[in-house]
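Contents: one structure, followed by commentary.
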Amino acid sequence: MYAAERQQRIHERAQQDGRVDVAGLAEFLDVTTETVRRDLAVLEQQGLIRRVHGGALPAQPSLPELTLAARIGQHSEAKLRIATRALQELPDGGTILLDSGSTTLAIAELIPADTQLTVVTNNTLIAGALAGQRNITLLLIGGRVRTVTGAAVGPWAIGALSELAVDVAFLGTNGFDADHGLSTPDQDEAAVKRAMLEAARTRILVADSSKLGAVHLQRFARVDELHAILTDTGADSDAVEALRAAGPKVVLA
């Protein structure tokens with residue numbers, strides 16, 4: 001079988017099954033795993049597939065970035081479970097950082113009224129959800145507010161974050177996996193997320209499983225820079241094992 005024919009079959013199988021693995025393709029095509037990896041590299045260069053740990057996914061067209069308001073209603077049950085589990089990670093009387101996002105907004109809405117905390121956020125909706133809580137000291141990071149996400153970004157935000165040392169950061173993302181790390185479409189938002197990561201002693205990603213395997217333009221963190229990942233039970237088991245192998249604790253809520 002010629003290389004072009006093998007690669008066509010691999011692409012077709014990826015399209016049909018939604019995922020292919022190196023060992024399975026080697027058996028299917030009766031070739032070595034090294035040959036399969038070379039074929040996958042060629043297909044990725046052609047933009048037909050995207051390689052992930054142990055295999056590949058069919059390439060997906062770039063999707064427009066959804067507004068925060070639009071994302072709030074998506075996968076709401078999974079986000080609620082993740083946010084509820086995240087409450088166990090709140091430091092008693094300590095400081096947390098809530099990144100801009102629909103899951104972090106859910107965390108803010110679930111924080112009990114009698115919780116003593118200092119909360120830092122760059123998101124206007126999260127700040128609004130916490131502003132009336134008497135026991136919470138709320139610090140709102142300033143900067144240019146992105147209309148799409150309600151997040152403050154830019155030099156003001158990064159400068160303020162560079163002066164902080166918080167106990168726990170709850171980070172959001174548009175996409176994550178073991179190979180490509182955490183990514184988001186916007187360069188300015190990625191820079192702020194990176195500053196949040198560096199400001200925290202404990203770094204926790206809160207993201208539902210629909211984002212697992214998605215890759216966006218700007219990577220802002222590697223998986224091994226996280227202490228924990230809170231996602232939901234819909235996550236692909238192989239992808240979860242790859243995340244765990246990279247270092248962080250992975251909790252399925």
Side-chain angles (χ1 to χ4, degrees), residues 10-28 33-34 36-37 39-41 43-45 47-63 65-66 71 74-86 89 99 101-104 106 169-185 190 193 197 203-253:
I10 291 171
H11 180 228
E12 290 172 350
R13 188 152 182 169
Q15 294 282 71
Q16 292 169 2
D17 297 348
R19 180 185 176 95
V20 290
D21 65 88
V22 171
L25 287 172
E27 182 179 355
F28 171 61
T33 55
E34 288 76 12
V36 170
R37 290 190 179 94
D39 288 338
L40 291 178
L43 290 169
E44 186 172 49
Q45 288 174 355
L48 298 174
I49 57 101
R50 180 169 56 80
R51 285 190 291 178
V52 295
H53 183 81
L57 303 172
Q60 297 178 343
S62 297
L63 298 175
E65 187 178 11
L66 295 177
R71 284 186 279 139
Q74 293 185 329
H75 312 287
S76 55
E77 291 184 8
K79 291 174 182 177
L80 179 60
R81 295 198 306 272
I82 294 167
T84 301
R85 175 59 181 81
E89 307 297 330
D99 185 13
S102 52
T103 306
T104 46
F170 294 96
L171 300 162
T173 189
N174 295 78
F176 69 106
D177 69 16
D179 294 322
H180 295 87
L182 284 58
S183 58
T184 192
K193 288 176 182 291
L197 185 89
R203 303 147 173 185
I204 300 175
L205 174 67
V206 288
D208 69 81
S209 61
S210 70
K211 298 172 182 176
L212 181 53
V215 178
H216 294 267
L217 179 64
Q218 295 289 329
R219 183 172 80 163
F220 62 89
R222 302 187 312 272
V223 169
D224 64 5
E225 294 180 289
L226 300 171
H227 295 92
I229 296 172
L230 308 185
T231 187
D232 62 83
T233 54
D236 176 79
S237 58
D238 290 339
V240 168
E241 287 309 309
L243 291 169
R244 286 180 173 139
K249 176 176 72 174
V250 180
V251 178
L252 304 181

Using the side-chain contact (heavy atoms from CB on, under 4.5 Å) rule, pick out the option among T103, L226, V223, L197 that qualifies with L205.
L226
What is the distance from atom OG1 of T184 to atom CG of D99, rounded to the nearest 0.5 Å?
8.5 Å
Taking R244 for its side chain and V250 for its backbone only, find out whether a donor-acceptor pair lies under 3.5 Å.
yes
Judged by atom type as modelled, is there a donor-acceptor pair below 3.5 Å linking the side chain of R51 to the main-chain atoms of E44?
no
Mind checking whether R81 and D208 have side chains closer than 4.5 Å, heavy atoms only?
no
Using a 3.5 Å distance criterion without hydrogens, assess whether the side chain of E89 forms a donor-acceptor pair with backbone atoms of A86.
no
Do the side chains of L25 and R13 get nearer than 4.5 Å, heavy atoms only?
yes
So how far is it from L230 CG to T84 OG1, rounded to the nearest 0.5 Å?
11.0 Å
Side chains of K79 and S102: does their closest heavy-atom pair fall under 4.5 Å?
yes
Is NZ or CZ of K211 both nearer than 6.0 Å to the six-membered ring centre of F176 and within 45° of the ring axis?
no
Between D179 (side chain only) and H53 (backbone N and O only), is there a donor and an acceptor less than 3.5 Å apart?
yes
Would you say F170 and R203 make side-chain contact, with heavy atoms under 4.5 Å?
no
Distance-only, no hydrogens or angles: does the K193 side chain make a donor-acceptor pair with backbone N or O of G172 under 3.5 Å?
yes
If I take atom CG from residue D177 and atom CG from residue L182, how far apart are they, to the nearest 0.5 angstrom?
9.0 Å
Check: S183 side chain, R219 main-chain N or O, donor-acceptor pair, under 3.5 Å:
no
Using a 3.5 Å distance criterion without hydrogens, assess whether the side chain of D17 forms a donor-acceptor pair with backbone atoms of R19.
no
Rounded distance [0.5 Å steps], CG in D21 versus CD in E27:
9.5 Å
Please step through side-chain hydrogen bond (donor to acceptor under 3.5 Å, both in side chains) for the pair S209 and D232, ending with a clear verdict.
CA-CA 6 Å; S209 61; D232 62 83; 2.8 Å; yes
Kindly indicate whether the side chain of L40, heavy atoms from C-beta on, has any atom under 4.5 Å from the side chain of I49.
yes
Heavy-atom pair of closest approach, residues A178 and L243
N-CD2, 3.6 Å
If you compare all heavy atoms of A190 against all heavy atoms of Q218, which two are closest, and at what distance to 0.1 Å?
CB-CB, 3.6 Å
Compare all side-chain heavy atoms of P248 with those of H227 and state whether any distance is below 4.5 angstrom.
no
Would you say the side-chain atoms of T231 pair up with the backbone N or O of A207, donor to acceptor, closer than 3.5 Å?
yes
